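Computed from a predicted structure; not experimentally measured.
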Amino acid sequence: MTQDHTTGPDATPETPAPWRPSRTVAVVLAGGTGTRLGLGIPKQLLKIAGKPIIEHTLAVFEAAAEIDEIIVLMATGHVADAQQIVDKAGFRKVSKVIEGGDTRNATTRIALDAVGEGDVNILFHDAVRPLVSARIVRECVNALWTYSAVDVAIPSADTIIQVDENECITDIPVRATLRRGQTPQAFRSGTIREAYRRAEGDPNFAATDDCGVVLRYLPGTPIKVIDGSDENIKVTHPVDVHLADKLFQLAAAQAPRLTDHRSYTEELTGRTVVIFGGSYGIGHDLAELARRYGAQVFPFSRSSTGTHVERAEDVEAALKTAFEATGRIDHVVVTAGILEKGSLTDMDQETMDRVLQVNFVGPVIAARQSLPYLQQTKGQLLLYTSSSYTRGRAQYALYSATKAALVNLTQALADEWAEFGVRVNCINPERTATPMRTKAFGEEPEHTLLAAETVAQSSLDVLISDLTGQVIDVRRAPGEPAPVPAQPTVADQDRLASAVDAG
């Protein structure tokens, strides 16, 4: 029997049918040309933290359980570049990589055509906002169950002023009611399509974002605002490149940590780890930790095995030993380094050569010799820098300079070796409690030092992660006690005389 829906004049209006989208589509808008950055390529193809910006952005939506499909709208002439990135990264949710329009609004229209008909959740996101979080994506999609349009914004920390054509202030809006818009912007497909349909009839139509189109042409439609984040920056100007790079470093400091002993054992059992500088300190603690979880660990050092990392033949022999014993090498770690204090002008040639050879030439040699092995396992090279890499320190200028060089080496090799599937990362620990540091600087307040075991744990987390091209800061948590470092053995005394330090 057919239900009678006839209503009288006093009847209560029907409740709208619940929203039942068939899927949720993320549209990544990558039409920028990089003009303001002064680049010869679109800014979304610029590499930050070892990967093109657009790859970082796509990875967020690829990993989001709420997203079913991704469509990329790329700048004219660069569709093939974007498609290559998608194919290489193996993004399975990307269904289309197509050319965008001349304007943001034109690109949105092309995207709507690409999405097709039917009830769909659509999220529009700037490709050059690579630090969008999974939380923001999730909250945007969830809000669409209640609202048909959703924006992302953060409070304005600055006072906003309005000026006239003469650059004179005409108004100062109340800051408490102001927000700085970000993306994604999310919509029920029917809402955004209707807004653009109405806009077509306006000869003066122009809008800088899609929520603005809904606000103007569907004025009765509530637009829900959810909290964005300060990290969700848009890479537009040269300074943004440096900010984004540093934000990725800070994010990388939170390398995914597994939940229990069993998880680490499952990840590391059967893997082979080679550590140059593994006799004590950070290298020793990492070796013990990896071995505890089932990895086959081969530590090499001057004091324990007579291995000099700056000698190509020593490095070659060490790698060959590990490979012949296990048939594979998954991770190569270089913690070896020496710290000689003193003015550069007072340092003799032999000392300068030793610092340069061990701290920089050694890691270069280890990298060159390791690549053939790491290619086979899609493994990782892990290097170590120092907080002094960002600002040279008096009395150990060469040490600081070599540590800065390792950061550049990390980022360059991550780029070069991406085609081989080999990852390269660099650990940047703050001052760490090791016998080597004590030898160089004497006794220091324990509460100011990081525990070597903490650095070793972070190093292990990076080794089993998918990170590449990252400089991972390791910092002591507030209130964390720093244990007194174990005293070196007699066999270590000769090395300590040179103040060997990994951090």
> Do the side-chain N and O atoms of Asp415 and Gln411 include a donor-acceptor pair separated by under 3.5 angstrom?
Replying inline: no

Given side chains that start at C-beta, do those of [X] and [Y] come closer than 4.5 Å, heavy atoms only?
X	Y	answer
Thr183	Val152	no
Val79	Ile98	no
Val86	Glu62	no
Asn121	Asp68	no
Val120	Pro21	no
Val28	Leu73	no

> Arg23: what forms a salt bridge (charged side-chain N to carboxylate O under 4.0 Å, His left out) with it, not counting sequence neighbours?
Replying inline: Glu69

For [X], I'd like to know if atom [atom1] has over 12 heavy atoms of other residues, nucleotides or ligands within 6.0 Å.
X	atom1	result
Arg135	CZ	yes
Gln84	CD	no
Asp102	CG	no
Asp466	CG	no
Tyr147	OH	no

> Among all residues two or more places apart in sequence or in another chain, which pass the ring pair (Phe, Tyr, Trp, His ring centres under 6.0 Å) test with Tyr217?
Replying inline: Phe205

>> Once ring pair (Phe, Tyr, Trp, His ring centres under 6.0 Å) is applied, what residue pairs with a partner in residues 47-75 remain, sequence neighbours excluded?
In response: His56-Phe248, Phe61-His125

> Do Asp202 and Arg216 pass the salt bridge (Lys or Arg N to Asp or Glu O under 4.0 Å) test, and can you show the C-alpha distance, the side-chain angles, and the key distance before you say yes or no?
Replying inline: CA-CA 11 Å; Asp202 183 354; Arg216 180 171 180 178; 3.0 Å; yes

>> Run Arg104 and Asp126 through salt bridge (Lys or Arg N to Asp or Glu O under 4.0 Å) and show every step you take.
In response: CA-CA 10 Å; Arg104 170 63 180 266; Asp126 298 324; 3.4 Å; yes

